[in-house]
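These notes concern the structure reproduced below.
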Amino acid sequence: MELSQETQFDTDTTMNQPPHEQFVSLLARHHSLIRGFIGTLLPHQTDADDVFQQTCLVLWRKWDTFDDTQSFTSWACGIAFYEVKNFQRVQSRDRHYFSDEILSLIAAQQSTSLPEAEHRQRALQNCIQKLDVESRKLIQDCYQGSHSIKEVAEQTGRSCEALYKKLSRLRLKLMDCMQQTLHSAEMGS
Amino acid sequence: MNQNTTPDNQTIRLIDAFLQGTISDEQQQQLEQLLAADPEQRQLYIDYMHVHNGLASWANETTASEDWIPQPPTDNPPSPLNTTRFLLILGSSLIAATLLLSLAYYAGWNTRPDNLPSIADTAPENQSNEISTPQTDHIALLTQAVGVEWDTSRNLQAGAGLSAGWLKLKQGTIQVELISGASILIEGPAAVKLISPLKAFCQYGKVRASVPEQAHGFTMETSRLNVVDLGTEFTLSLDQSGSGQVQVIDGKVELHSPDSQSTQANIQSLTTGEGVQFNQRGTIDRLQKAMLPFIDSEELSQLVEQQQAQQFKRWQEQNTMLKADPSIIAYYDFEESSNWLRTLNNKSQQKPSSSTNGAIVGCQWTSGRWPQKRSLEFKRTSDRVRTHIPGEYQSLTFMAWVRIEGFDRWLSSLMLTDGYNPGNPHWQLSDKGEMILGVKTGPGKNYFSPVVLQPTDLGRWIFLVTVYDHQKREVVHYLDGVAVSHHKIENPVPLVIGPAEIGNWRPQEHTGAHSIRSLNGRLDEFALFGRALPAEEILQLYQSGKPNS
């Protein structure tokens, strides 16, 4: 799978470092992008976290095969993609996963948007800040991972159904807000 | 771009089901078909998933960096307009004479919304900052109370601020200082209503008023006549039928008729040694002989001293028992042999290690609940007692006798572990008057009591206990021996303390807002029990340790 080329800036600045330091600094810079990429392929946060960890290990093991004329993120996402497929293969079938064909399509489609990851994150941050306190609190409770939706529902006295609906509406709202932000930024620059 | 996607969008509905794990085989096929066929639907999916993932990392980052700051259970962010912050520091002169006679905790203060005016309503804009003066409607201070049985639901303690209203005693003696400077001793049974700083009404009872120059004109009303003090001291004795006596001890008073205009004809003057006797029919006769002896301030303070000595003895007995309690991990009774010692010894006979002896940093020695008792004063932001408590505890009970002088910041430390690591407890107070136990379990969990400390609790000795009960899976906060709130523990974890500070906090990597949590006040007893103390035992500890009977 071919992911698009990005600017050579990252690799240029790290070229003079010892190899392991170069790896650490590149991974530190791009981990959220890689994690985000994995997240589009695996719907469950815990799955995505596991695969991300595994991916980091593999990246380190294969670090000497990295050719520093290529893009680190393309290389890393390529490896991550195979880790996702591996993961799905060994998982039991009690959860729904996408077929390999769909995974490839989704991964390929992101190749063009990869370098935007940082902007996207910043836009999301801003949009979250625009939400009311209650919504932010709800997102925090539901997304933190320490409580199940059921527990949050019990605590807040709402039904799970209502919470899911509310979360869905919030995601849509944030998605619209992000796209407006990114769109106007493009126009402005 | 997928703008204005609605919640009923089919793709979104399918993705939601996919995320929730409730998707059916059929729906899964449907989703895959949609994604396979249309790049726009794929983009929608990717954008939506980016939000989903972004939220997860946002939520985790946000908690990871902020869980050491307890989040109040309310959703409103603190602002000067809607919080009831009281940064009230009682003038030390005002409380110097305060003898803290504790009765049951007076819960009535909690339910008075009129005590919490919005700053925006009352103060000009340029004054409405975070540390603006608190608003109280107190016109007097209860400075002493001996052997008092109240005849009202409000059980006031010495040190309490008093608003206009009734003071009813079945028995005992109290001293009330009005903010005008007048001070009155009331001996029960009595019913006296405070009306303003210069006016009170006596229904019955014995009253002795001392009126300095600043408070000339102080008037004690009765249903028969009004006594206007022109300086300096008089007594009034009134029985329930409305008959009574007025006698001037020193200075001059005027007697006015309450129901007619104050014309020269119905004003009588009395000077030192003179007195009148009156009955409910309105007859007023000159007193021929001195009236019944009435307690004076000096006698009252002697009574107080006796009571204190008794109570201190009772505390000493309990102190001996606590030293021998095998479940106590750390017991600081603050009874060190010298003012020069900078070690606060753990007096438990079974202390786990000498590291549990506290190192005193900055704090000065001063007096505690009784004049005979020592305490440490925490004043500056550097004042603290450092200690190190080894071990891991399924249940813990925190106990402290503390006199808070003011809430300088949002959080005031009772005992906090260095940093905030898994299993670490943080025991502290908020400036609203909430007791807080924070326990680091993944994201920190904070158990907030309701607002239990009121401005009137500043400057008096209070007894705080918080129990972390592993077995019952609950956290219970106690004030003055009485449980004020219960909280369920979702995931009990063993508590670990290690290096910790009493009255302050060493935040380690945490910097910025809320990293200064120094206590402003005194501590004269502090204990950590390696078990959950039952309610009866906590009440017993309070009974034996309270400053006065």
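Bear in mind the structure is a predicted one, so any value in this text is a computation, not a measurement. Labels below follow one simple rule: chain letters A, B, ... track the order of the sequence lines, proteins then strands, and each chain is numbered from 1.
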Roughly how far, to the nearest 0.5 Å, is NE2 of His52(B) from CG of Leu167(A)? 9.5 Å

Minimum side-chain heavy-atom gap Tyr48(B)-Leu172(A) below 4.5 Å: yes

Which pair of non-hydrogen atoms, one from Asn53(B) and one from Gly36(A), has the smallest distance, and what is that distance? ND2-O, 3.7 Å

Counting neighbours of NZ on Lys173(A) that are heavy atoms of other residues, nucleotides or ligands and sit closer than 6.0 Å, is the number greater than 12? no

Decide, yes or no, whether a salt bridge links Arg171(A) with Asp16(B) under the criterion of side-chain N to carboxylate O below 4.0 Å. yes

Go through the atoms of Leu31(B) and report whether side chain, backbone, both or neither lie under 4.5 Å from a heavy atom of chain A. side chain

How about Tyr45(B) and Phe98(A): are their ring centroids closer than 6.0 Å? yes

Do Trp58(B) and Ile128(A) have side chains that get closer than 4.5 Å, going by heavy atoms? yes

Can you tell me how far the CD1 atom of Ile46(B) sits from the CG atom of Leu41(A), to the nearest 0.5 Å? 8.5 Å

Between Gln140(A) and Leu55(B), is any pair of side-chain heavy atoms under 4.5 Å apart? no

Measure the CD-CD distance between Gln43(B) and Gln109(A) for me, rounded to the nearest 0.5 Å. 5.0 Å

Scanning both residues in full, the closest heavy-atom pair of Met49(B) with Leu42(A) reads CE-O, 4.3 Å

Segment of Leu105(A) engaging chain B (4.5 angstrom heavy-atom cut-off): both

With side chains defined as the heavy atoms from C-beta onward, is the minimum distance between Arg35(A) and Ser57(B) less than 4.5 Å? no

Short question: side chain of Glu32(B), backbone of Ser99(A) - any donor-acceptor pair under 3.5 Å? yes

To the nearest 0.5 Å, tell me how far Arg42(B) CZ sits from Gln110(A) CD. 11.0 Å

Toward chain A, the part of Asn491(B) with a non-hydrogen atom under 4.5 Å: neither

Point-to-point distance, once rounded to the nearest 0.5 Å, from NE2 of His50(B) to CG of Leu124(A): 11.0 Å

More than 12 heavy atoms of other groups within 6.0 Å of Glu26(B) CD: no

Distance-only, no hydrogens or angles: does the Gln28(B) side chain make a donor-acceptor pair with backbone N or O of Tyr97(A) under 3.5 Å? yes

Taking everything shown except Gln20(B) itself, do over 12 heavy atoms lie less than 6.0 Å from its CD? yes

